[in-house]
There are 2 protein chains.
Amino acid sequence: MAIAKTESFSKKEQDLAAFAKALAHPARVAILKVLAGKNECVCGQIVDVLPLAQSTVSQHLIALKAAGLINGTVDGPRSCYCINWKAFEKFKNEFNSLFDHLQVKDQQRCC
Amino acid sequence: MAIAKTESFSKKEQDLAAFAKALAHPARVAILKVLAGKNECVCGQIVDVLPLAQSTVSQHLIALKAAGLINGTVDGPRSCYCINWKAFEKFKNEFNSLFDHLQVKDQQRCC
DNA sequence: CTATTTCATCGTAAAAGTACGATGATAAGG
DNA sequence: CCTTATCATCGTACTTTTACGATGAAATAG
């Protein structure tokens with residue numbers, strides 16, 4: 001990146017980009033799908049489903065948690081994750097509000 | 001990445017991840033915002049707005065075009081881009097359908 | 001207390017992303 | 001034809017991401 005220019009952009013742009021970044025890997029999409037389907041906190045069962053090593057899955061889970069898309073608690077010897085629907089809703093709205101009402105303008109003129 | 005495992009996932013997961021990847025940088029979000037706001041094809045005006053070099057903006061534009069989020073045509077000596085609303089709608093639906101109806105299940109049990 | 005299980009973290013290696021200046025290609029203007 | 005303008009591409013440097021095995025920490029089971 002030479003020198004990170006990320007902070008030269010607005011907070012809204014950064015937030016949306018950070019959210020998208022968390023979704024920007026099929027493994028993390030798959031993890032979210034598993035968590036959403038179960039809706040009860042899962043942990044190493046995810047490792048069994050994905051074609052990835054345990055440490056790699058753990059990294060993806062941490063990335064998702066850092067992005068705020070999932071919550072995690074410690075349950076004895078195992079970790080328990082589930083989707084943070086509130087954050088999900090927030091970003092969905094942010095995404096829609098950013099582009100939806102702009103589409104109302106007169107449609108395509110070129111391209 | 002050692003060895004790319006991207007192809008070990010379903011096409012839906014890959015598509016959604018690719019879409020998110022295109023949004024996963026504030027500069028590209030900013031570009032889309034500019035294009036959406038004008039709705040007429042813009043080109044190097046984007047360079048004036050962004051705090052990035054021309055070559056860097058060009059790279060981002062190419063990334064967005066490769067992801068299918070924008071269309072581009074050559075207009076004399078300059079390039080003209082605009083948002084591909086159709087693709088945008090497609091991915092928005094894909095995103096919603098992936099997570100929305102799953103939320104209907106009984107809410108949170110832990111975390 | 002000693003396994004065992006479960007997960008996080010460390011270390012490492014390879015791949016991809018980000019950014020810039022410089023150069024190249026293409027079309028318009030003189 | 002020659003210049004200028006506009007944008008893409010190349011080459012390069014640095015950062016970040018991805019992935020794995022190995023190790024470490026914490027709680028349960030015996």
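By convention in this document, chain letters (A, B, ...) are assigned in the order of the sequence lines, proteins followed by strands, and residues within each chain are numbered from 1.
Atom CD1 in B/I46 sits about 9 Å away from atom P in D/dC7, given to the nearest Å. Counting to the nearest Å, the P atom of D/dA8 and the CD atom of B/Q59 are 11 Å from each other. For A/H25 and C/dG17, the NE2 to C1' distance is 13 Å, given to the nearest whole Å. If you take CG of B/D75 and C1' of C/dA25, they are 16 Å apart, rounded to a whole angstrom.
The pair A/K86-A/E89 does not meet the salt-bridge criterion, since no charged nitrogen lies less than 4.0 angstrom from a carboxylate oxygen. At a threshold of 4.0 Å, the pair B/E13-A/K33 counts as salt-bridged, since one of the basic side-chain nitrogens sits closer than that to a carboxylate oxygen.
When every heavy atom of B/F91 is checked against every heavy atom of B/D15, the shortest pair comes out as CE2-O, 3.6 Å. Taking each heavy atom of B/F9 and B/Q14 in turn, the nearest pair found is O-NE2, 2.8 Å. The heavy-atom pair separating B/A27 from B/L50 by the smallest distance is O-CD1, 4.1 Å.
Taken residue by residue, residues 61-70 of chain B places heavy atoms nearer than 4.0 Å to DNA chain D at B/I62.
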In 5'-to-3' order, the base (B), backbone-only (S) or no-contact (-) status of each nucleotide in nucleotides 1-7 of chain C, using a 4.0 angstrom heavy-atom cut-off, is -----BB
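Phosphate contact (OP1/OP2 of D/dC20, side-chain N/O of A/T56, threshold under 4.0 Å): present. At least one side-chain nitrogen or oxygen of B/H60 sits closer than 4.0 Å to the OP1 or OP2 atom of C/dA19. Applying the 4.0 Å criterion to OP1 and OP2 of D/dT17, one finds that A/K21 has a side-chain N or O inside that range.
In this structure, the side chain of A/N84 does not engage the main chain of A/N71 through any donor-acceptor pair within 3.5 Å. The backbone N or O of B/A63 lies less than 3.5 Å from no partner atom in the side chain of B/R28, so there is not a single donor-acceptor pair.
Along DNA chain D, the nucleotide closest to A/R28 and the one closest to A/V74 are compared, and the more 5′ of them pairs with A/R28.
Each of A/V49, A/L52, A/L61, A/L69 was checked for a side chain to side chain contact (heavy atoms under 4.5 Å, CB included) with A/I31, and the lone residue meeting it is A/L61.
Using the six-membered ring where Trp is involved, A/F88 and B/F95 have ring planes that are parallel, under 30° apart on the 30 and 60° scheme.
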